[in-house]
There are 2 protein chains.
Amino acid sequence: MPCLEMLIELFRQNGRKITPQRRLILEVLTQHSEHPTAEEIYQQVVITMPDVSRATVYNTLRELMTLGGVTEAFESGEGGVRYETNPGNHHHLFCTRCYKLVDIHHDFAEVALSPGELAGYQIVGHQVTFYGLCPDCQEREKDEVLSSEM
Amino acid sequence: MPCLEMLIELFRQNGRKITPQRRLILEVLTQHSEHPTAEEIYQQVVITMPDVSRATVYNTLRELMTLGGVTEAFESGEGGVRYETNPGNHHHLFCTRCYKLVDIHHDFAEVALSPGELAGYQIVGHQVTFYGLCPDCQEREKDEVLSSEM
DNA sequence: GTCTCTGCAAAGTCTTTGCAATACG
DNA sequence: CGTATTGCAAAGACTTTGCAGAGAC
């Protein structure tokens, strides 16, 4: 659903121009299955278009944010803000050790607040994040326990 | 629950020393009802102890993180990472416009994933974040609509 | 042709580090 | 007393800005 055409349309409809740089940035963003940082997007972009500057990447991401095409996801750990398209109905599995962030597609329709708890907020969505150790980090923890016991 | 004594105990038990600076930083952190940024903690700290440096605040927060006494909450918007004590059972109400973050105390015990969805993760907790407009920002939006209609 | 966008480099934020002096336990 | 911690200033990481020239529509 976060297809390239939709994002391009979004730019067009808001009077923004579609430059090759922007198109490429959007492509990288939509094809990236993880949640890239600005720097990662930049690195990906310069492979095919070496003269693109970081400023352009940052500018484009910021434009996209104000247009609602991406959101900043979870920045915890290192490396700067991570971006994600399709802020729609999906949730996260977050490794507290290596900071990997994985999408879950599951409908938590039952999650809702009572009017009293809303404190007057007008809710537009919600997201559930599960914290834990990813399989790789579970292994690493085991190894550490073993070596510390020696 | 995130009382000062617990955090101090946490430092002690890990062989850390309790300096007046640290004590003050921990006090500010536990008494702060919102989710302060490092800078906000610093500003609060220098009121009573003007010679404390930012480095000390950052160092202490980092120590606390590795000891598990605080977590980085949601950084979305501006101003840097926000910290929070009691990462326990509570959830968030997040204003997408002014980035205010409010705690909700509600037990979403029904939120769980099937083994297949876990992808091998060992879950230790979960957090639900509701997105929307806080009452103040709803007002601001209304005002904008009115003025743009003229 | 107009007006936005780009690329560069410089500036701005936020955070970390190196090191000598200090002070906790 | 020994060792962790402090404060300072400088460095580092991430992001934004200013401006002249280029390019989309």
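In the text below, chain A, chain B and the rest are named by the order of the sequence lines, each starting its count at 1. Predicted model, so just to flag it, every value in this text is computed and none were measured.
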Could you walk me through whether A:His92 and A:Asp103 pass side chain to side chain donor-acceptor pair (under 3.5 Å), step by step?
-> CA-CA 5 Å; A:His92 286 146; A:Asp103 286 353; 3.3 Å; yes
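- Rounded to 10 degrees, the angle separating the terminal axes of the helix from C:dG1-D:dC25 to C:dG25-D:dC1 is 50°, with each axis obtained from five end pairs.
- Put simply, A:Ser53 has no side-chain N or O that comes within less than 4.0 Å of OP1 or OP2 on C:dT6.
- B:Glu84 and B:His35 share a side-chain donor-acceptor pair at under 3.5 Å.
- Across the interface with DNA chain C, nearest-nucleotide mapping of B:Arg54 and B:Arg16 shows B:Arg54 to be the residue nearer the 5′ end.
- Between A:Cys137 and A:Leu133, the closest heavy-atom pair is CB-CD2, 4.0 Å.
- D:dC14 atom P lies 14 Å from atom OH of A:Tyr42, rounded to whole Å.
- For D:dT16, neither phosphate oxygen OP1 nor OP2 lies less than 4.0 angstrom from any side-chain nitrogen or oxygen of A:Tyr58.
- A donor-acceptor contact closer than 3.5 angstrom is absent between the side chains of A:Gln44 and A:Glu40.
- Summarising the geometry, the separation between CD on B:Glu63 and P on D:dT6 is reported as 9 Å, rounded to the nearest angstrom.
- Rounded to an integer number of Å, the gap from CG of B:Leu26 to P of D:dT5 is 12 Å.
- Comparing B:Met49 and B:Gly15, the nucleotide of DNA chain D nearest to each residue sits closer to the 5' end for B:Gly15.
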When you look at B:Leu67 and B:Phe11, which way does the side chain to side chain contact (heavy atoms under 4.5 Å, CB included) test go after all the steps?
-> CA-CA 8 Å; B:Leu67 298 181; B:Phe11 267 75; 4.2 Å; yes
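- The distance from atom CD of A:Glu40 to atom P of D:dC14 is 10 Å, rounded to the nearest whole Å.
- Cluster membership for A:Val45 and A:Met65, using ILVMFWY side-chain heavy atoms within less than 4.5 angstrom, is shared.
- The distance from atom CD1 of B:Ile25 to atom C1' of C:dT15 is 14 Å, rounded to the nearest whole Å.
- Distance, B:Phe11 CZ to D:dT3 P: 21 Å, rounded to whole Å.
- Contact annotation: A:Arg22 reaches the phosphate of C:dC5 (side-chain N/O to OP1 or OP2, under 4.0 Å).
- A donor-acceptor pair is defined here as one N or O able to donate and one able to accept, closer than 3.5 Å; no such pair exists between the side chain of A:Glu27 and the backbone of A:Arg22.
- Two different hydrophobic clusters hold B:Ile47 and B:Val52 under the rule that ILVMFWY side chains link at heavy-atom gaps under 4.5 Å.
- Here the CG atom belonging to A:Leu26 is positioned 9.5 Å from the CD1 atom belonging to A:Ile41, to the nearest 0.5 angstrom.
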Give me, pair by pair, the N or O atoms of the protein and of nucleotides 17-24 of chain C that are less than 3.5 Å apart, along with how far apart they are.
| unit_1 | atom_1 | unit_2 | atom_2 | d |
| --- | --- | --- | --- | --- |
| C:dC24 | O2 | B:Lys17 | NZ | 3.0 |

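- For A:Arg12 and C:dT4, the CZ to P distance is 17 Å, given to the nearest whole Å.
- Protein atom CD of A:Gln13 is 16 Å distant from nucleotide atom C1' of D:dC25, rounded to whole Å.
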